[in-house]
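Proteins come first, then strands; the chains are lettered A, B, ... in the order of their sequence lines, and each starts at number 1.
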2 protein chains.
Amino acid sequence: MRNRMCGPWWENRLNDAGFRLTNPRELVMSILRNTDKHLSAEDVYVKALAVNPSIGLTTVYRSLDLFTQIGVVQRFDFGDGKARYELNRNPLSKGHHHHLVCMRCKSIIDYNDFMQEEVELMKKTEKALSKKHHFKIMHHTIHFYGLCNECQHAEQKMIDY
Amino acid sequence: MRNRMCGPWWENRLNDAGFRLTNPRELVMSILRNTDKHLSAEDVYVKALAVNPSIGLTTVYRSLDLFTQIGVVQRFDFGDGKARYELNRNPLSKGHHHHLVCMRCKSIIDYNDFMQEEVELMKKTEKALSKKHHFKIMHHTIHFYGLCNECQHAEQKMIDY
DNA sequence: TTGATAATGAAAATCATTTTCAATATAATA
DNA sequence: TATTATATTGAAAATGATTTTCATTATCAA
């Protein structure tokens, strides 16, 4: 009995795509819903274990991949060797943000200042690029790479001998 | 005898940072200079072997890392499990571009249409973010993720059964 | 030329992610 | 509700990119 339209939107999305709603998947989703951090698969796994000690790391990976496939979750690579996952929030919504990535300590700062203008431009660019390159755009990332406050000073010391 | 200011700019950058100019490093750099592709470490290694059959993959990794550290090269993660490297070109210069990444076949399209406006905004945003978050921004990435022309059709078939 | 030390290459080690496969859970149907 | 087909799971093994180790070699300033 598909498409009963009773659960949260992502459950319907799962159903519509022909996937089953399972405990591990609910658990993974609840973890993502209750954080504002950029969790790695391992991070999610550790949190999941606290609730369901029999869950497997493999299942966490598979759930995150699945959610990414159906567009419920967005996967990020910040360059520290492991993927990060975030609930996919609507651009222009409160939760949407972009990232500042410290190249030295790998810390990540979210920002959503100046987003109005940025998002406007992105929408415009998306439209034009879609048409020109026949590319169906699902989402975008904007990352600024550099040095955070602390690392600028640490770096300074290094360069100064 | 440092800072002789005779070689290309990146050689001086190496010197200034206290690193040596070596054959493997020159080779890696020449490979990056002579491509417009997004090469992985392995890709660079294979090309390097053709010139210097005794070069090691490890050295290629180390060279790419080093160049990335000193800002000569930019490292990208498109989400296919291996890092890609590109010569770091000046925004607003001819070579600067952003990326469309196909989530299905992992192909990458470079674009530099509509860049003027985009880069203007990025500069403005960079300035504001630097001030507000005390973050020293070195470079940025803009990736649009979606489906390329071919994969839209392939995907379509899949969904349509 | 030489001496200090930075860089190299081969092999081994790491570590995130994927695959395999037998066991289990799910949802539609009888 | 019981049945059945099949999607999902978890453990262990496999994979594959990147890093580390360490003995050897190359570079640069004196």
Peer 1: How many Å lie between CD on B/Glu26 and P on D/dA26, as a whole number?
Peer 2: 15 Å

Peer 1: Using a heavy-atom cut-off of 4.0 Å across all strands, would you classify B/Ser40 as base, sugar-phosphate, or nothing?
Peer 2: nothing

Peer 1: Looking for any heavy atom pair under 4.0 Å, which part of the strands does A/Asp77 touch: base, sugar-phosphate only, or nothing?
Peer 2: nothing

Peer 1: Does a nitrogen or oxygen in the side chain of B/Thr59 sit under 4.0 Å from OP1 or OP2 of C/dG9?
Peer 2: yes

Peer 1: Pick base, sugar-phosphate or nothing for A/Arg25, based on heavy-atom distances below 4.0 Å to the nucleic acid.
Peer 2: sugar-phosphate

Peer 1: Under 4.0 angstrom, heavy atoms only, what part of the nucleic acid is A/Thr22 near: base, sugar-phosphate, or nothing?
Peer 2: sugar-phosphate

Peer 1: Using heavy-atom distances to pick each residue's nearest nucleotide on DNA chain D, tell me which of B/Arg75 and A/Pro53 is more 5'.
Peer 2: A/Pro53

Peer 1: Could you say whether B/Thr58 or B/Arg20 is positioned toward the 5' end of DNA chain D, judged by the nucleotide with the nearest heavy atom to each?
Peer 2: B/Thr58

Peer 1: Salt bridge check: are B/Glu150 and B/Arg104 linked by an N-O gap of less than 4.0 Å?
Peer 2: no

Peer 1: Could you give the CG-to-C1' distance, from A/Leu57 to C/dA16, as a whole number of Å?
Peer 2: 9 Å

Peer 1: So that I can tick it off, tell me whether B/Glu117 and A/Lys124 are bridged by a salt bridge, with the cut-off set at under 4.0 angstrom between side-chain N and carboxylate O.
Peer 2: yes

Peer 1: Please determine whether a side-chain nitrogen of the Lys or Arg among A/Asp43 and A/Arg84 lies less than 4.0 Å from a carboxylate oxygen of the Asp or Glu.
Peer 2: yes

Peer 1: So, A/Asp80 and A/Lys82, do they make that salt bridge, N to O below 4.0 Å?
Peer 2: no

Peer 1: Rounded to whole angstroms, how far apart are OH on A/Tyr45 and P on C/dT17?
Peer 2: 14 Å

Peer 1: Please report the distance, rounded to the nearest Å, between CG in A/Leu39 and P in C/dA16.
Peer 2: 15 Å

Peer 1: Between B/His140 and B/His98, how do the two ring planes meet: parallel, tilted or perpendicular, split at 30° and 60°?
Peer 2: perpendicular

Peer 1: Rounded to whole angstrom units, what separation is found between the CG atom of B/Leu49 and the C1' atom of C/dA10?
Peer 2: 14 Å

Peer 1: I need the CZ-C1' distance between B/Arg62 and D/dT19, as an integer number of Å.
Peer 2: 9 Å

Peer 1: Which nucleotide in the list C/dT18, D/dC28, D/dG10 gets nearest to the side chain of B/Leu21?
Peer 2: D/dC28

Peer 1: Expressed in angstrom and rounded to an integer, what is the separation of B/Leu27 atom CG from C/dA7 atom P?
Peer 2: 17 Å

Peer 1: Rounded to whole Å, please give me the gap between NZ in A/Lys82 and P in C/dC15.
Peer 2: 9 Å

Peer 1: Is the phosphate of C/dA7 approached by B/Asn23 (side-chain N or O, under 4.0 Å from OP1 or OP2)?
Peer 2: no

